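Every chain is numbered from 1, with letters handed out A, B, ... down the list of sequences. Hydrogens, waters and symmetry mates are skipped; everything else that's a heavy atom, side chains included, is used. Quick caveat, the model's predicted, so the values are computed rather than measured.
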Number of protein chains: 2
Amino acid sequence: MIIDVGKRLRMLRQLHGLSQRELARRAGVTNGLISLVEMNRVSPSVSSLKKLLDGIPMSLAEFFTGDFNQRTPVFYAEDEMLEIGNEEVSLRLVAAQRVGRQMTLLRERYAPGADTGEEMLAHKGEEGGVVVRGRIELTVGKETRLLGPGESYYFPSNLPHRFRNQGREPCEIVSCCTPPTF
Amino acid sequence: MIIDVGKRLRMLRQLHGLSQRELARRAGVTNGLISLVEMNRVSPSVSSLKKLLDGIPMSLAEFFTGDFNQRTPVFYAEDEMLEIGNEEVSLRLVAAQRVGRQMTLLRERYAPGADTGEEMLAHKGEEGGVVVRGRIELTVGKETRLLGPGESYYFPSNLPHRFRNQGREPCEIVSCCTPPTF
DNA sequence: CATGAGTGTTTAGTATTATTGACGATATGG
DNA sequence: CCATATCGTCAATAATACTAAACACTCATG
């Protein structure tokens, strides 16, 4: 996602009913700088941006995480969800087409016998899920557990992990990961 | 949270096995700058930091949000999930106790007749969900739709929204929002 | 009309950041 | 042991962020 620091700052400032001078006073910078930053004539140093956000107040994390977009579909019928699985593991991705998504929401189906494989998955971010139907054996790091309906998991995705359905009925999970990996 | 830009950058760079020069090449800056930034001798401009993170790669949001913790439980049985609902709307929160979570994963139950209310909800971030059982009427902005099992939604949370279960059977949803609001 | 207090923008000068190129340290291979 | 390569740091210079002060504009108020 490409972000427009100036526009975002201006929006936030106005949202809080502050003038450039008032924010400048609170932040300990000059009003001129705020003008320049908001017009994208300069790219503020992190330390300056931090000062500015302290005056709002807002954290750098929030500032860069915040989304201020736009108009994409809200609702998704089953066949409007992008399907990316195979016959064993089926993934239906919610809001696949949405640009600048901050997370990936999936409906996952594991057929009996399905297995995401020996060489364990490992990527960035965090993921979690809730088992909706059936049972799944989940290994995260050195821990393994059999999860049933209503049970859940949550872990940083850099831990190696593996899903196996050793049961006789298909297993269905709703899961989410951030940042979006698909 | 007070962050140490230099330390964090160095950690990330080393985590990815990159030398200052290699990262410099990828980011389109000089190795000297990386050295100075990592020693906190300068506060990089946002544009420079962006370049550096592009070379990792990592978003500014992730960089400032980044959690680099820790050891918390991975699996959650039903009664290990924090419950925060009332009799109409029941929310079970996955990994509630986890510090620095980047998203909130919920199992929601709406009793027949449940309604999140006239004055519509509106907060920051994004949220999405999948209907697991029953039906729910969801209004987002000016759009309203009745969602059934397998159907889903995803929208920026600053749009006002409202959930109503007008049916006779309870409705169950697995939802996720980021950044975490609970 | 003034006049004054508010707004955001601009400009010239100063402070800080970023580049360039050289340095010492460490490691590898001939 | 000397060459060669790669590492992070540093000093001097170039580029850019930031400040201070003035400007132009709008809106109230007398």
Counting only side-chain heavy atoms from C-beta out, which of [options] sits nearest to [X]?
| X | options | answer |
| --- | --- | --- |
| A:Arg21 | C:dT9, C:dG8, D:dC18 | C:dG8 |
| A:Leu36 | D:dT19, D:dT9, C:dT19 | D:dT19 |
| A:Ser45 | C:dT9, D:dT9, D:dA17 | D:dA17 |
| A:Val42 | D:dC18, C:dT10, D:dC7 | D:dC18 |
| A:Met39 | D:dC18, C:dT20, C:dT9 | C:dT9 |

Rounded interatomic separation in angstrom, taking [atom1] from [X] and [atom2] from [N]:
| X | N | atom1 | atom2 | result |
| --- | --- | --- | --- | --- |
| B:Leu23 | D:dT6 | CG | P | 17 Å |
| A:Arg13 | C:dG6 | CZ | P | 16 Å |
| B:Ile34 | D:dG8 | CD1 | P | 9 Å |
| A:Leu52 | D:dA17 | CG | C1' | 12 Å |
| A:Leu9 | D:dC18 | CG | P | 12 Å |
| B:Lys7 | D:dG8 | NZ | P | 19 Å |
| B:Glu38 | C:dA18 | CD | P | 13 Å |
| A:Glu22 | C:dT7 | CD | P | 8 Å |

Determine the minimum heavy-atom distance between [X] and [Y], stating which atoms define it.
| X | Y | value |
| --- | --- | --- |
| B:Leu138 | B:Tyr153 | CD2-CG, 3.5 Å |
| B:Ser47 | A:Ser43 | N-OG, 2.9 Å |
| B:Lys51 | B:Ala27 | O-CB, 3.3 Å |

[N] OP1/OP2 closer than 4.0 Å to side-chain N/O of [X]:
| X | N | answer |
| --- | --- | --- |
| A:Arg10 | C:dG8 | no |
| B:Arg41 | C:dT16 | no |
| B:Gln20 | D:dT9 | yes |

Taking any heavy-atom pair under 4.0 Å as a contact, classify [X]: base, sugar-phosphate, or nothing.
| X | result |
| --- | --- |
| A:Val37 | nothing |
| B:Thr30 | base |
| A:Ser35 | base |

Q: Return the 5'-most residue of the pair B:Leu33, B:Ser47 with respect to DNA chain D, ranking by each residue's nearest nucleotide.
A: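 Here B:Leu33 is the residue nearer the 5' end.
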Q) Below 3.5 Å, does any donor atom in the side chain of A:Asn31 face an acceptor in the base of C:dT7, or the other way round? A)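 Absent.
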Q: Can you label the angle between the B:Tyr110 ring and the B:Phe163 ring as parallel, tilted or perpendicular, going by 30° and 60°?
A: parallel
Q: Using a strict 4.0 Å threshold on nitrogen-to-oxygen distance, state whether A:Arg13 and A:Glu38 make a salt bridge.
A: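 Yes, charged N to carboxylate O under 4.0 Å.
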Q) Is the closest side-chain donor-acceptor distance between A:Asn40 and A:Asp4 under 3.5 Å? A) yes
